[in-house]
Amino acid sequence: MEEVSNIYSLQLGWQEVIMVSFIALLLTLLGVLLSLYHRVLNIRNTTYGGPDLRIKRHIEQLSSEQLDTLLQYKKYRIAKRKVSSVSKKAVMSVVALSACLPLFAQETTATDIDWGNAGIVITIILILIPVLCGLVLMVVKIRRTLSRYQHRQNDAMANELAQYLGGLSDPEVLDNLEERKAALEYGLTHTELAGNIQVHDRRGLIASARSDVNLPIAALKKRAVRRPNIDSRLAKLVLWYIGTAAFWLLFGTSVGQYLGIKFVAPDVDQMSWLSFGRLRPVHTNAVFWGWASLGMLGLGHYIVPRVSNVPLASLRYGWYSLILINATVLVGTISLMAGINNGGGEYREYIWPIMLPFAVALALTLVNFLKTIARRKTAEIYISNWYMVSAIIFTIVIALVAYLPFWQNGLGEIIAQGYYMHQGVGMWFMLFTLGVVYYFLPQQLNKPIYSYSLGILAFWTQILFYTLIGTHHFIFSAIPWWLQTVAIVGSAGMAIPVIAGTTNFLLTFRGAWYKVKDSYTLPFFLAGVIFYFTGSMQGTAEAFRYTNLVWHFTDFTVAHSHLTMYGIISFLLWGSIYAVVPRLTGQEPPQLTVGAHFWFALIGLLFYTVPLMYGSTLKGLLWMEGKPFIDSVVLMAPYWLWRAIGGSLMWLSHLLFAYNLYKMFRTGPRSNIVEAALAKLTNDTAPTAETR
């Protein structure tokens, strides 16, 4: 027994703690230096070269629209003045900022100092706190200074470029610009090699023609097209939903990451607020109601008006729902950590006064969506609206069943718990997310959904079978045997909507598989569809009596829940978010970090689930053989380590996702010098309607 306990003990002396603190400080300094170096490098690249070289570089970057603006301005000026003027090129001095502060460290002998003394440790910590605060303030100050300097440099270069462009009067130069504009606007007719004769590719040999002249680290992906006709107020609402959802994803999975560490080192803390029993529901409820729910509703507020071809009925209702859901998760998190909960109800640990604002938010959203759909300008109701509106209706019913007290006693409470727990996953998260996919997957593939009929078949069969399967979590319990059998039959029937939906999505890819390699959104959708099939069919397999006997109460259920809620819901939400945010903000995410997000999340999920499923199978068989419980704990030790490793990769992918969102949301001082120069050139001298 002593040997077993040592496996899970975390024993660090004060010396190790101090060493780790200093290592963390050094890593922080390294990150700060890299960030400042990156900012200075950007400034250097912007101001590199003399005036002629900078002007030439900016002129080469002129787009067709910018050339058109310049030519219209020049033609107006030439027609008005009929005189030539020679431009005076302004010479701007390049300011070089380089400072090097040498750091000297004196070696001291401290053989007589007791570094493990509590007073010394506290003193060191108290010294480190203001040092770190000062470091943070210094970095913020330096970054602001560099940003202001870069803004001044950009403004000066814009003036320089505007003076040069304003002085252009040589007809030959203008003719060159006209030729350049025509070259930029030139496009192939795609009949150069074949003429106008229709191509008959009977053997399907021609797929794509592309010649890459370089070897990039990550393949270039197709950019999103911004939708300028989207209401800016609606775009702001959708972005707030997505931004707060990303916050709760980071918070909830950070708690989950800490819980994963506790499996390897359960004595890492001794605080009641940080105990496993309190943090586990904090993790699940934060990612359920904070991340997934807010993400889905934000996308729903974008989709419903688009497919209905009318504005959203009430933006105010959307903001009310956003505030109420965030308040629910915030207050619920604090109450769970304080030990205030709803007893043993899994996924309904929030007490009813806390969950009530969430229900009100759903009711407001339902009214908002129904009013929008009722005003639609299309004859039919698109399938996405079917799924999303039904999901909200079912969730309101589910919440009422779970929280009304009329049947909350004995076996009635157990049956209500099974109904609530599974319907929350299948009729809220799954149903709503499928509605989101029915919009964004065809949009990203630029082709209609393969079969509307398959979508309707999947819709009604999911409603029929999924509402019956809640009690398959209580096989061999005191619940009536016939009710257990009904749950098993319903679980087997779930093969129909799963196969229908998966077939519909995969056949939508047919003829467009080549687009996957050129898109940073489609891999998320493809992975989500694959997990939709495998995870859902795994749930069907778990429902049978023998498999339930082996896997129930083991970590197999944990692996399965992550395979579905993470592999299906999160991947599909990520693909949809990466599809919609650039259309709202006009800012693309860094494609390298999007790829890193995808692979870290995918590999981390596999590292998390596969070892847990394998180890849990051995664990269940061990229990069936009547072995002592502690043997199964020792057995699971390496698989819990893999769980922590996979969870760490998944958590790292969420940091990358947050960074990508920041890059897409950011609309700061990243000014375009060419646009600024043209604006300076045309603002004061733009021709009016009368002068034309």
Side-chain angles (χ1 to χ4, degrees), residues 292 296 383-384 387 391 422-423 425-442 444-445 449-466 468-469 472 488-513 515-516 519 521-544 547 551 556-576 598-599 601-610 612-614:
M296 294 187 311
I383 191 171
S384 290
Y387 275 85
H422 228 87
Q423 303 322 296
V425 174
M427 305 309 289
W428 171 233
F429 297 110
M430 194 68 69
L431 203 62
F432 201 108
T433 303
L434 289 175
V436 171
V437 176
Y438 271 105
Y439 175 82
F440 280 109
L441 182 60
Q444 294 299 293
L445 291 172
I449 197 71
Y450 173 74
S451 172
Y452 206 88
S453 300
L454 275 177
I456 298 300
L457 172 65
F459 174 79
W460 286 113
T461 51
Q462 178 153 341
I463 290 177
L464 172 63
F465 291 113
Y466 218 118
L468 304 175
I469 67 177
H472 77 200
I488 296 173
V489 173
S491 301
M494 275 301 297
I496 298 175
V498 170
I499 294 175
T502 304
T503 302
N504 207 7
F505 295 143
L506 292 181
L507 289 179
T508 305
F509 275 95
R510 189 175 62 173
W513 287 104
K515 294 184 179 181
V516 176
S519 171
T521 60
L522 289 177
F524 286 95
F525 287 109
L526 183 58
V529 170
I530 293 173
F531 281 124
Y532 172 58
F533 178 77
T534 56
S536 300
M537 296 306 294
Q538 183 191 72
T540 297
E542 285 183 81
F544 295 104
T547 52
W551 288 329
F556 198 98
T557 307
V558 178
H560 169 68
S561 64
H562 283 77
L563 199 67
T564 52
M565 277 300 300
Y566 193 89
I568 303 174
I569 307 302
S570 291
F571 270 82
L572 294 177
L573 287 181
W574 285 327
S576 303
F598 173 80
W599 287 110
L602 179 61
I603 296 173
L605 179 61
L606 295 177
F607 280 5
Y608 188 105
T609 56
V610 174
L612 275 187
M613 289 188 289
Y614 177 75

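Position 1 is the first residue of the sequence, and the numbers go up from there.
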For Y608, side-chain hydrogen bond (donor to acceptor under 3.5 Å, both in side chains) partners two or more places apart: H562, R643
Given T502 and I499, is the side-chain contact (heavy atoms from CB on, under 4.5 Å) satisfied, shown in steps? CA-CA 5 Å; T502 304; I499 294 175; 5.9 Å; no
Does the ring center of F505 lie less than 6.0 Å from the ring center of Y450?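 No, the ring centres sit 6.0 Å or more apart.
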Check whether the ring centres of W551 and F544 lie less than 6.0 Å apart, and answer yes or no. no
Can you name the closest pair of heavy atoms from [X] and [Y] and give their distance?
X    : Y    : answer
T461 : P497 : OG1-CB, 3.3 Å
A458 : G501 : CB-N, 4.1 Å
L572 : V529 : CD2-N, 4.2 Å
M296 : L573 : CG-CD2, 3.8 Å
V516 : F509 : CG2-CE2, 3.9 Å
A601 : Y566 : CB-OH, 3.7 Å

Hey, can you tell me if F524 and F571 have their rings parallel, tilted or perpendicular (30° and 60° cut-offs)?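 Because their plane-to-plane angle lies in the 30° to 60° range, the rings of F524 and F571 count as tilted.
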Treating T547 as the side-chain partner and A541 as the backbone partner, does any N or O pair qualify as donor plus acceptor under 3.5 Å? yes
Hey, is the main chain of G426 close enough, under 3.5 Å, to the side chain of Q462 for a donor-acceptor pair?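 Yes: the side chain of Q462 pairs with the backbone of G426.
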Side chains of Y466 and L431 in contact at under 4.5 Å (non-hydrogen atoms):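 The answer is no, as the side chains (C-beta and beyond) never meet within the 4.5 Å cut-off.
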Please evaluate residues I383 and I449 with respect to the criterion side-chain contact (heavy atoms from CB on, under 4.5 Å), reporting the C-alpha separation (whole Å), side-chain torsions for both, the decisive distance (0.1 Å), and the verdict. CA-CA 10 Å; I383 191 171; I449 197 71; 5.7 Å; no
If you draw a 6.0 Å radius around OH in Y614, do more than 12 non-hydrogen atoms from other residues or ligands fall strictly inside? no
